[in-house]
Q: 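Dropping the structure in here first, questions after.
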Amino acid sequence: MSGKNVTEVRLADAAGIAKAARILESGGLVAVPTETVYGLAARADSAEAVARIYAAKGRPDFNPLIVHVRDVAQAERYAELSDVARALAAAHWPGPLTLVLPRRTDAGLAAAVTAGLPTVALRAPAHPVMQALLEQVDFPLAAPSANRSGFISPTCASHVLASLDGRIDMVLDGGPTTAGVESTIVAVRADGSIEELRPGPLVLGAQAPGGGAGSRIEAPGQLASHYAPGKPVRLGALEAGPDEFLIGFGAVEGDCTLSAGGNLEEAAAQLYACLHEAARAPHSRIAVAPVPEEGVGRAINDRLRRAAA
Ligand code: TXA
Ligand code: MG
């Protein structure tokens with residue numbers, strides 16, 4: 001992008017959050033920390049504002065956005081919540097759970113948010129900065145991960161600037177995120193059954209019949225090639241080959257290590273920072289140590305397989 005457009009980076013203090021709220025009110029784009037990754041927020045009730053998200057990210061228009069709300073009461077204005085949906089929200093909101101629900105016909109959301117689907121994806125995030133922002137505005141916030149489409153997701157402000165500098169109005173810097181991988185997405189069907197569409201930090205286990213290794217992912221944005229660091233990625237590596245940047249885990253020590261102690265939560269929090277570092281490194285290739293397919297390890301391996309695709 002040309003240097004004409006300036007992206008302001010502001011500390012996520014009260015003044016920064018107030019300024020971000022004004023930008024959003026006037027239809028602008030602000031990258032905001034959530035507990036999972038930084039989101040690129042715009043008002044979800046404005047077609048113009050939502051169009052700016054797709055343009056800034058270079059996102060295909062068939063890929064719908066997650067709408068962020070304060071709580072269940074606000075969610076009820078945009079979707080039909082069954083008892084099953086209400087129970088999931090009560091148990092896990094605010095938190096890294098996105099519910100795909102039947103959209104209300106009077107929802108008043110920009111059509112592009114849901115990409116023409118009869119459903120809408122809703123999430124009440126747990127991060128205090130995103131929560132403060134949602135308190136200050138009277139509309140919900142559409143927010144995909146704050147990266148160019150197909151690239152590595154951002155877990156700190158500098159990751160956002162790496163792909164969106166000059167393309168968005170502001171980044172609210174709230175430091176590194178904690179969960180590190182995007183929310184678990186669960187569809188709640190009309191018959192009350194639930195299906196996991198994307199593995200994430202929240203592990204529903206036996207509650208999610210669609211879950212488990214190799215489950216079919218049907219969130220339309222889950223394209224095979226995603227989170228791409230721009231070089232070949234080899235998975236299941238026990239050591240680095242020639243010119244490979246090694247991302248380690250447990251006993252496999254790398255140039256960057258997800259978790260030396262083999263802790264999967266720590267590994268999830270480090271995943272995108274290690275991929276960003278590997279992308280920037282002079283090595284022409286990336287190798288990644290095996291990560292167990294259990295707990296949040298399923299989400300880590302899902303993202304790694306897409307980075308390697
Ligand atoms: O943790 C997260 O979920 C982050 C933060 C910012 O909240 N957001 C995020 O957004 O990961 P994004 O756009 O990178 O991923 C959203 C996913 C896409 O795969 C999209 O296809 C899917 O959600 N999605 C959105 N609406 C949907 C719907 N109605 N039905 C099925 N999938 C949907
Ligand atoms: Mg994304």
Side-chain angles (χ1 to χ4, degrees), residues 29-42 44 50 53-54 56-69 78-80 92-104 107 109-127 129-131 133-134 140-155 159-160 163-164 172 174 177-189 194-202 210 216-228 268 272 275 296 299 302-303 306-307:
L29 300 183
V30 180
V32 186
T34 81
E35 72 275 39
T36 58
V37 300
Y38 275 64
L40 181 59
V50 169
I53 291 183
Y54 283 89
K57 281 183 62 91
R59 183 176 176 107
D61 62 7
F62 57 80
N63 189 5
L65 307 176
I66 296 173
V67 174
H68 296 70
V69 294
Y78 308 107
E80 310 283 357
H92 303 292
W93 281 1
L97 173 67
T98 294
L99 295 175
V100 171
L101 304 167
R103 178 167 50 85
R104 275 176 62 150
L109 299 171
V113 167
T114 52
L117 295 172
T119 53
V120 60
L122 296 176
R123 164 163 124 79
H127 197 288
V129 171
M130 185 57 141
Q131 288 182 331
L133 205 49
L134 285 166
L141 293 172
S145 53
N147 53 276
R148 291 294 293 272
S149 192
F151 290 88
I152 309 165
S153 299
T155 54
H159 293 166
V160 176
S163 75
L164 292 175
L172 267 181
T177 65
T178 49
V181 290
E182 296 85 346
S183 61
T184 305
I185 304 182
V186 168
V188 183
R189 308 291 184 205
I194 64 175
E195 185 179 358
E196 182 185 79
L197 304 184
R198 177 175 75 181
L202 183 73
R216 190 171 54 90
I217 305 291
E218 64 157 43
Q222 295 298 92
L223 309 173
S225 173
H226 215 99
Y227 314 102
Y272 292 133
L275 281 172
V296 73
D302 169 70
R303 308 310 190 267
R306 292 171 205 284

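All residue numbers in this chain count up from 1 along the given sequence. Each ligand, and each atom within it, is numbered from 1 in the order the structure gives.
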Q: Between Glu182 and Arg303, does any NZ, NE, NH1 or NH2 come within less than 4.0 Å of an OD or OE carboxylate oxygen?
A: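 Result for this pair is yes, salt bridge flagged.
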Q: If hydrogens are left out, which of Ala31, Gly116, Pro64 has an atom nearest to atom 33 (C) of ligand 1, that is, the closest non-hydrogen atom?
A: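 Minimum heavy-atom distance to atom 33 (C) of ligand 1 goes to Pro64.
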Q: Which atoms from ligand 1 have a heavy atom of Thr36 less than 4.0 Å away?
A: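 Answer, ordered by atom number: 1 (O), 2 (C), 4 (C), 5 (C).
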Q: To the nearest 0.5 Å, how far apart are CG in Leu275 and OG1 in Thr155?
A: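 Between Leu275 CG and Thr155 OG1, I get 9.5 Å after rounding to 0.5 Å.
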Q: Atom OH of Tyr78 and atom CZ of Arg103: how far apart are they, to the nearest 0.5 Å?
A: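 Reported to 0.5 Å precision, the distance equals 13.0 Å.
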Q: Considering only heavy atoms of Pro144, which atoms of ligand 1 have at least one such atom less than 4.0 Å away?
A: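 Listed by number with element: 10 (O), 12 (P), 13 (O).
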Q: Measuring from atom CG of Leu99 to atom OG1 of Thr119, what distance do you get when rounded to the nearest 0.5 angstrom?
A: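 It comes to 12.0 Å.
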Q: Within the 4.5 Å heavy-atom criterion, are Val160 and Asn147 side-chain neighbours or not?
A: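 In short, these two side chains do not touch, never coming nearer than 4.5 Å.
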Q: Is there a side-chain contact between Pro199 and Thr184 (heavy atoms, below 4.5 Å)?
A: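 A side-chain contact under 4.5 Å is absent here.
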Q: Would you mind running through ligand 1 and noting each atom that sits below 4.0 Å from a heavy atom of Gly39?
A: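 That gives atoms 6 (C) of ligand 1.
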Q: Any heavy atom of Arg198 sitting closer than 4.0 Å to ligand 1?
A: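 Per 4.0 Å heavy-atom rule, Arg198 contacts ligand 1.
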Q: For ligand 1, note which part of Ile185 has a heavy atom under 4.0 Å away: side chain, backbone, both or neither.
A: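 The answer is the side chain.
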Q: Check whether any N or O atom of Thr34, backbone or side chain, sits under 3.5 Å from an N or O atom of ligand 1, and answer yes or no.
A: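 No; the residue has no nitrogen or oxygen that sits under 3.5 Å from a nitrogen or oxygen of the ligand.
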Q: Just which atoms of ligand 1 are under 4.0 Å from any heavy atom in Asn63?
A: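 Ligand 1 atoms under the 4.0 Å threshold to Asn63: 18 (C), 20 (C), 21 (O).
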Q: Answer yes or no for Arg59: is there a heavy-atom contact with ligand 1 below 4.0 Å?
A: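 Yes.
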Q: Salt bridge check: are Glu195 and Arg189 linked by an N-O gap of less than 4.0 Å?
A: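 Salt bridge: yes.
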Q: Would one find an N or O of Tyr38, backbone or side chain, under 3.5 Å from an N or O of ligand 1?
A: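 No - when backbone and side-chain N and O of Tyr38 are compared with those of ligand 1, no distance drops under 3.5 Å.
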Q: Between the side chains of Arg123 and Glu35, is the shortest nitrogen-to-carboxylate-oxygen separation below 4.0 Å, so that they form an ion pair?
A: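 Yes, charged N to carboxylate O under 4.0 Å.
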Q: Is the shortest distance from a heavy atom of Ala143 to ligand 1 less than 4.0 Å?
A: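 Heavy atoms of Ala143 do come under 4.0 Å of ligand 1.
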Q: Evaluate Glu182 for polar contact with ligand 1, using N/O atom pairs at a separation under 3.5 Å.
A: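 Looking only at distances, the answer is no, because the N/O contact criterion of under 3.5 Å is not met.
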Q: In ligand 1, which numbered atoms sit nearer than 4.0 Å to a non-hydrogen atom of Leu117?
A: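 By the 4.0 Å cutoff, the relevant atoms are 28 (C), 29 (N), 30 (N).
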Q: I'd like to know if the side chain of Arg198 pairs up with that of Ser183 as donor and acceptor (distance under 3.5 Å, no hydrogens or angles considered).
A: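 Side chains of Arg198 and Ser183: pair found under 3.5 Å.
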Q: Heavy atoms only, cut-off 4.0 Å: how does Thr119 contact ligand 1, side chain, backbone, both, or neither?
A: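 Within the 4.0 Å criterion, Thr119 contacts ligand 1 through backbone and side-chain atoms alike.
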Q: Is Tyr227 close enough to the Mg ion (ligand 2) to have an N, O or S atom under 2.8 Å?
A: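 It does not; every qualifying atom lies at 2.8 Å or beyond.
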Q: Out of curiosity, Phe151 CZ to Ser145 OG, how far, rounded to the nearest 0.5 Å?
A: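 Interatomic distance, Phe151 CZ to Ser145 OG, rounded to 0.5 Å: 12.5 Å.
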